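All of these numbers come straight from a predicted model, not from anything done at the bench.
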Amino acid sequence: MTFLALDVGNTRLKWAVYETPQVGAKLLAHGAQFLENIETLSEGDWSALPEPQWVLGCVVAGDPVKRRVTEQLDELWDTQPQWVVSTAAEAGLSNGYDHPARLGSDRWVAMIGARQRLLASGPPRPCVVVMVGTAVTVEAIDSDGRFLGGIILPGHGIMLRALESGTAGLHVPTGDVTDFPTNTSDALTSGGTFAISGAVQRMADNLQRHCGEAPVVYMTGGAGWKMAPSMSTRCELVDSLIFDGLLEIAARRIAAK
């Protein structure tokens with residue numbers, strides 16, 4: 001049963017085809033497309049793929065983008081995708097959001113993927129899940145699999161654009177991350193990086209105080225590889241965290257039928 005997983009973010013659609021819908025399944029193909037080019041998928045990247053038996057995805061880009069993706073799937077395979085909606089509990093994770101359905105589905109799916117990765121590697125522990133993209137989210141999960149809450153902050157690009165638009169003379173090239181910046185480019189780049197790193201460190205400290213145990217920190221997202229070397233707390237970079245979550249959800253839903 002081939003399985004197509006979709007992660008539709010604010011900037012890009014990322015996709016992956018697996019041999020079966022279960023964590024650890026063989027990856028057959030994968031790719032990404034900017035949202036403005038979604039209409040090319042059925043005649044381009046997806047045209048040579050085998051027809052998937054099931055399609056499951058998460059989308060944060062809004063209903064118009066969701067419709068455009070669905071149209072591509074219908075045009076190519078006459079297939080209707082299922083879309084994950086955050087709920088009070090799924091796949092071993094409970095949702096502590098005040099209104100569970102209002103939690104971004106990408107955040108929910110990434111946490112499910114992180115929780116399963118954690119359990120596969122050893123005994124339960126607290127966990128911090130960081131997604132670095134257009135926005136940055138930092139989530140806290142206790143050792144019993146309860147999502148306690150999380151924060152959202154601007155991604156690095158948004159921070160820089162906000163400073164450029166609000167401050168005269170700051171239209172400068174991207175700089176390097178250094179401990180003690182001595183030029184404006186490095187000061188801007190280092191400032192955004194330190195802000196994200198500090199937010200992750202604060203959440204890790206909060207979770208450790210709450211649980212009495214140091215958490216595992218997972219980082220994912222398109223810009224994760226840029227941030228990982230500058231983190232002040234140890235973290236594991238996992239590119240496939242959302243896909244892992246979609247695989248786990250799919251496997252459990254099929255087993256429940």
Do [X] and [Y] have side chains that approach each other closer than 4.5 Å (heavy atoms only, starting at C-beta)?
{"X": "Arg102", "Y": "Ser86", "value": "no"}
{"X": "Ile254", "Y": "Pro21", "value": "yes"}
{"X": "Arg234", "Y": "Val217", "value": "no"}
{"X": "Trp77", "Y": "Leu4", "value": "yes"}
{"X": "Val84", "Y": "Ile112", "value": "no"}
{"X": "Met159", "Y": "Ile196", "value": "yes"}
{"X": "Met111", "Y": "Leu103", "value": "yes"}
{"X": "Phe243", "Y": "Tyr18", "value": "yes"}

Which donor-acceptor pairs under 3.5 Å do side chains of residues 55-63 form with protein atoms, sequence neighbours excluded?
none

Check for me, please, whether [X] and [Y] land in the same ILVMFWY cluster - side-chain distances under 4.5 Å, paths through other members count.
{"X": "Val8", "Y": "Val109", "value": "no"}
{"X": "Leu118", "Y": "Ile249", "value": "yes"}
{"X": "Leu207", "Y": "Met231", "value": "yes"}
{"X": "Leu76", "Y": "Leu49", "value": "yes"}
{"X": "Leu27", "Y": "Val17", "value": "no"}

From [X] [atom1] over to [Y] [atom2], what is the distance, rounded to the nearest 0.5 angstrom?
{"X": "Asp239", "Y": "Ile242", "atom1": "CG", "atom2": "CD1", "value": "11.0 Å"}
{"X": "Arg12", "Y": "Asn10", "atom1": "CZ", "atom2": "CG", "value": "12.0 Å"}
{"X": "Ser190", "Y": "Phe180", "atom1": "OG", "atom2": "CZ", "value": "11.0 Å"}
{"X": "Thr87", "Y": "Leu93", "atom1": "OG1", "atom2": "CG", "value": "9.0 Å"}

Partner set under side chain to side chain donor-acceptor pair (under 3.5 Å) for [X], not counting sequence neighbours:
{"X": "Ser197", "answer": "Ser232"}
{"X": "Thr2", "answer": "Gln53"}
{"X": "Thr193", "answer": "His156"}
{"X": "Asn183", "answer": "Asp186"}

Identify all side-chain donor-acceptor contacts of residues 34-42 below 3.5 Å with residues at least two apart in sequence or on another chain.
{"unit_1": "Glu39", "atom_1": "OE1", "unit_2": "Arg68", "atom_2": "NH2", "d": "3.2"}
{"unit_1": "Glu39", "atom_1": "OE2", "unit_2": "Arg68", "atom_2": "NE", "d": "2.9"}
{"unit_1": "Thr40", "atom_1": "OG1", "unit_2": "Gln33", "atom_2": "NE2", "d": "3.4"}
{"unit_1": "Thr40", "atom_1": "OG1", "unit_2": "Asn37", "atom_2": "O", "d": "2.7"}
{"unit_1": "Ser42", "atom_1": "OG", "unit_2": "Gln72", "atom_2": "OE1", "d": "3.1"}
{"unit_1": "Ser42", "atom_1": "OG", "unit_2": "Glu75", "atom_2": "OE2", "d": "3.2"}

Shortest non-hydrogen contact between [X] and [Y], atoms and distance:
{"X": "Trp108", "Y": "Ser94", "value": "CH2-C, 4.0 Å"}
{"X": "Ala199", "Y": "Ile151", "value": "CB-CD1, 3.9 Å"}
{"X": "Leu237", "Y": "Gly224", "value": "CD1-C, 3.8 Å"}
{"X": "Gln208", "Y": "Pro215", "value": "CB-CD, 4.1 Å"}

Exercise for the section: Please assess Gln80 against Asp74 for the test side chain to side chain contact (heavy atoms under 4.5 Å, CB included), listing each intermediate value before the final yes or no. Expected result: CA-CA 7 Å; Gln80 291 295 312; Asp74 184 62; 3.9 Å; yes
Problem - Co-members of the apolar cluster containing Leu119 [side chain, <4.5 Å] - result: none
Salt bridge (Lys or Arg N to Asp or Glu O under 4.0 Å) against [X], all qualifying residues, sequence neighbours excluded:
{"X": "Glu19", "result": "none"}
{"X": "Glu213", "result": "Arg125"}
{"X": "Arg117", "result": "Glu236, Asp244"}
{"X": "Asp7", "result": "Lys14"}

Can I get a per-line list of side-chain donor-acceptor pairs under 3.5 Å for residues 126-150, giving both atom names and the distance, sequence neighbours left out?
{"unit_1": "Thr134", "atom_1": "OG1", "unit_2": "Thr11", "atom_2": "OG1", "d": "2.9"}
{"unit_1": "Glu139", "atom_1": "OE1", "unit_2": "Arg107", "atom_2": "NH2", "d": "2.8"}
{"unit_1": "Glu139", "atom_1": "OE2", "unit_2": "Arg107", "atom_2": "NE", "d": "2.5"}
{"unit_1": "Glu139", "atom_1": "OE2", "unit_2": "Arg107", "atom_2": "NH2", "d": "3.4"}
{"unit_1": "Asp142", "atom_1": "OD1", "unit_2": "Asp144", "atom_2": "N", "d": "3.0"}
{"unit_1": "Asp142", "atom_1": "OD1", "unit_2": "Gly145", "atom_2": "N", "d": "3.1"}
{"unit_1": "Asp142", "atom_1": "OD1", "unit_2": "Arg146", "atom_2": "N", "d": "2.9"}
{"unit_1": "Asp142", "atom_1": "OD2", "unit_2": "Arg146", "atom_2": "NE", "d": "2.9"}
{"unit_1": "Asp142", "atom_1": "OD2", "unit_2": "Arg146", "atom_2": "NH2", "d": "2.9"}
{"unit_1": "Asp144", "atom_1": "OD2", "unit_2": "Arg146", "atom_2": "NH2", "d": "3.4"}

Practice task
Please test Trp83 against Leu6 for side chain to side chain contact (heavy atoms under 4.5 Å, CB included), starting from the C-alpha separation and ending with a verdict.
Solution key: CA-CA 9 Å; Trp83 299 104; Leu6 302 175; 4.0 Å; yes
Exercise for the section: Run the salt-bridge test on Glu90 and Arg252 with the 4.0 Å N-O cut-off and return the result as yes or no. Expected result: no
Problem - Neighbour count above 12 (heavy atom, 6.0 Å) for Glu43 CD - result: no
Exercise for the section: List the steps and the verdict of salt bridge (Lys or Arg N to Asp or Glu O under 4.0 Å) for Arg67 and Glu71. Expected result: CA-CA 6 Å; Arg67 284 194 297 271; Glu71 288 168 359; 5.8 Å; no
